[in-house]
Asker: 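Take this structure first; my questions come after.
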Protein chains: 2
Amino acid sequence: MRPRTRRGGGRPTISDVARLAGVGAITVSRALREPERVSESLRGQIERAVTELGYVPDPNARALASARAEVFGVLVPSLTNSVFAEVVRGIYDSLSDGPFRVQLGNTHYSGLEEERLLQVFLSQRPAALIVSGIDQTKTARSLLEKADCPVVQIMETGPDPIDMMVGFSHFDGGREATANMITAGYRRIGFLGARMDPRSQRRLAGYRAAMEAAGLYDPRLVNTTPVPSSVSLGRDLFRDALAKVPTLDAVFCNNDDLALGVLFECHRASIEVPQQIGITGFNDLDMMQVAFPSVTSVTTHRYEIGCQAVAMACAAIAGERPEQRVVDLGFDLKLRESTARR
Amino acid sequence: MRPRTRRGGGRPTISDVARLAGVGAITVSRALREPERVSESLRGQIERAVTELGYVPDPNARALASARAEVFGVLVPSLTNSVFAEVVRGIYDSLSDGPFRVQLGNTHYSGLEEERLLQVFLSQRPAALIVSGIDQTKTARSLLEKADCPVVQIMETGPDPIDMMVGFSHFDGGREATANMITAGYRRIGFLGARMDPRSQRRLAGYRAAMEAAGLYDPRLVNTTPVPSSVSLGRDLFRDALAKVPTLDAVFCNNDDLALGVLFECHRASIEVPQQIGITGFNDLDMMQVAFPSVTSVTTHRYEIGCQAVAMACAAIAGERPEQRVVDLGFDLKLRESTARR
DNA sequence: GCCCGACTTGGTAGCGCTACCATACCTGCG
DNA sequence: CGCAGGTATGGTAGCGCTACCAAGTCGGGC
C-alpha cells in the first residue's frame, strides 16, 4: 500500500530508471529505442539500472505518446483452417524477435466483419496491417488506403495492390493441377469445391480454363457448395458428383480435406485410385504424401507467405519500401500416386 | 497539415465529442463505459455527437489512464496444432461481442518462451490471462500468481489451480481408450507418442495404468519421440513398433495425426484393420469418422474449453468469481470400426 | 581566436483518456 | 426549515512515455 504513485501498480517507470542511472528520462527513452544515439558510458549505466529495477516499458504509454503502437494487425478468414494457421505461424515466428506484437482478427470470411475489425485495429494505430485476399469491400479498401501504415495483402497476387502483396495465382494452380490430370489421360474430371470464397472461385476458373482448352469442359462436372470445407464434406460431394455423372474418372478438389474425403470414400466403395478415379488436392498438407495411395496436390508456400509479408512490412516501416510491391511465391504441383494412371 | 493538434492524426478526441454535445469530457467517458450512470437526455446528445464525429476511443490512452488494458492474453504452445486452433477459435468467438481484444502468444512448447511472453503480456496490464496446461515453470507460476487479473489454465484439470481451470483428465482419456481395446480383445497394445509434452505424458500414464491393471504392460510396447507430431511420423513410429514387437496387435496413438499415419501404413502394407491391428486416436478430428475404416478416438471439447475459459474470466472480471474454480469438461470415447474386432 | 555544424543530453509539454474529488442539486427525515 | 445522504455532473491532475526544441560540448576550418 505504499503510495509511491497514485494509480499504477508501483511498477518502475522510466524516471525511476533515469534517477538511478543519474540521467534524464528522455535519455533512457533514447537508449532503449535508438541505442546508437547515446554514448557508450551512459548506455551502460542505463542498462544496469534497467536490469536492477526490472524495468519493462509500458507499451500503452509508448503508443499514446508516439501515436503509433508496436502492433501488427493481422486479418484472416479462419483460425482453424490449417492454411491460415501456417501463415499466422510464419507471421508470429518472424515477429517474435522484434518489438512488435500481433493483433489477430478472425473475419469468418465476411467482408462486413473485416470492416468492423479494421475499424477496431485502426483505432490502435498499428505499425502495419496484413489482410487476407484481394477482394476487400469498397469500404475496407478505402480504410486501408487511408491507413497511415504499410498494408500487405496476402495469399493471392493480382493487379492493383492497395500497397503490397505476397501470394500466388490460384487460377494457375487450378489450371496446372487440372492440366496434369488431362495429360495423365483422365477425361471426365470433376471439380469439388467447398466454401467457394474468392480464392476457390479462381481455382475453379483455372480448372475451367484447362478443361475448355482441352475441349472437356462440362458444367455438370462442377460440384460446389458454400458450406465450409471438411473431410466428410469431401465424401458427400464426391458421392453427389458420382451420382450425377457416373462416368466421372477424376476429381480436382478445392483443398486437401475434400481430397481426403474422396480417397476414403473410394476405399469404402472399393473404387480403385488412380485406375478408376484420379484425385488431386490443393495445399499439400503433410498427410497427402503419406496417404495410400499418396495424393497429388498443389504445394503452397503458406509459412513463407507469412514471413515474406512481415519482411516487406518491416522494410516499409524502416523507410525502405521494396521496389517490388507484388511478390509471387508460386506453388509446386506435386505428382503422386493418385493421378499416376497406367 | 492542419495543426489542430501537435501529434495525433487529427482524429476526434473525447473533448471534441464533449464540446459538440455541450457536456464535460468526463461525462462522455462515463456515457461510453457506464451508460446507466448518465441521464438519458445527455446520453442521447452524446451518442449523436459520437456518431456525427465518428469518434472511436483510443484504447492506448484508455489503458494508460485506467492502468488496465482491455486485452485477454492467451498463451498456447502451438498455432497450427488443430487442437489449440479450435480452443483459440472458441476464445475469439466468445470475445468478439465484448470490448476485449485478444493477444495471442505462441510458446512453442517452451517454458522459457512462456515466461518471456508472460513478461511481455503483463507489461500491458491485461484484463485476464489464459494459459495452456498446468505445468508452468516456477517463475511463470509466480508471475501468474502475482498478476492482478484473473488467470485461467486450460486443456487440463489438476489439483492446485493458480486461479481457475478448464479442461479434462488426459490420464483418464488414455486409460479409457486403452481399456476399451483390452475389452475388444487386443493384448499386445502399443503406445505411439510424439512431442511428449506433459499432456501426452499423462495419456501415456493412463495407458500404462490400464495395461498394468490387465497384466499386459510391457515397456517394449511404448514408442515415443520428442519430435513434433505429424501423419508421416505416425507411419514411422508404427513401422518401428512393429519391427520391435512383431506380435503387436493394436496401437493407442497420442493423437489423431499419428493414428492416421498408422491407418495409411496399414493400407499400404495390406494389414487389416481392425482384424490384425486395432487403432485408437486422440482428439477426434472430423476425419476420423470419415476414414476407412473409421477410427476410434477420444473426443475432446476443445472449442468449449475456449468458450468456458472466457466465460469464467469474464465472470471474475465482473467481480463474480465462480464458486467452481476448476471445471472438468470431460471427453467422449467414440467407438468406431478401427477397434471393432470380431 | 572565433564561428559553424555535428553530436550528445536535457527540459517542457503534451498524447487522450480516466481516477479522484468537489460541487450542485434533489429527496426525505427530524 | 435545516441537514444528512444520495445522485448527476464537472474540474483537476495525472497515467508513463516521447516529440519538439533548447542548450551544452567538441573539433575543425578560416
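Sequence lines set the chain letters: A, B, ... in the order given, protein chains first and strands last, and positions in each chain run from 1.
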Asker: Which residue pairs pass the side chain to side chain donor-acceptor pair (under 3.5 Å) test when at least one of the two sits in residues 53-64 of chain B, sequence neighbours left out?
Answerer: none
Asker: I need the full list of salt bridge (Lys or Arg N to Asp or Glu O under 4.0 Å) pairs touching residues 98-121 of chain A, with sequence neighbours left out, sorted by first then second residue.
Answerer: A:Glu113-A:Arg116
Asker: Could you list all the side chain to side chain donor-acceptor pair (under 3.5 Å) pairs where at least one residue sits in residues 68-77 of chain A, not counting sequence neighbours?
Answerer: A:Arg68-A:Asp148
Asker: Under the salt bridge (Lys or Arg N to Asp or Glu O under 4.0 Å) rule, what pairs show up with a residue in residues 75-87 of chain B, not counting sequence neighbours?
Answerer: B:Glu86-B:Arg302
Asker: May I have all residue pairs that pass salt bridge (Lys or Arg N to Asp or Glu O under 4.0 Å) and include part of residues 36-48 of chain B, sequence neighbours excluded?
Answerer: B:Glu34-B:Arg37
Asker: Test of understanding: with side chain to side chain contact (heavy atoms under 4.5 Å, CB included), list the residues that count as partners of B:Glu145, not counting sequence neighbours.
Answerer: B:Arg141, B:Ile162
Asker: Note the angle between the end axes of the helix from C:dG1-D:dC30 to C:dG30-D:dC1, five pairs defining each, rounded to 10 degrees.
Answerer: 50°
Asker: One character per nucleotide, please: for nucleotides 6-12 of chain C, 5' to 3', B when the base has a protein heavy atom closer than 4.0 Å, S when only the sugar-phosphate does, - otherwise.
Answerer: ---BBB-
Asker: Which parts of residues 45-57 of chain B get close to DNA chain D, meaning a heavy atom less than 4.0 angstrom away?
Answerer: none
Asker: Can you pull the ring-ring contact (aromatic ring centres under 6.0 Å, His included) pairs that have at least one residue in residues 72-101 of chain A, sequence neighbours excluded?
Answerer: A:Phe72-A:Phe100
Asker: Write down the distance between CZ (B:Arg62) and P (C:dC17), rounded to a whole number of angstrom.
Answerer: 8 Å
Asker: Who pairs with B:Tyr109 by ring pair (Phe, Tyr, Trp, His ring centres under 6.0 Å), at least two apart in sequence or on another chain?
Answerer: none
Asker: By salt bridge (Lys or Arg N to Asp or Glu O under 4.0 Å), which residues pair with A:Asp163, not counting sequence neighbours?
Answerer: A:Arg321, A:Arg325
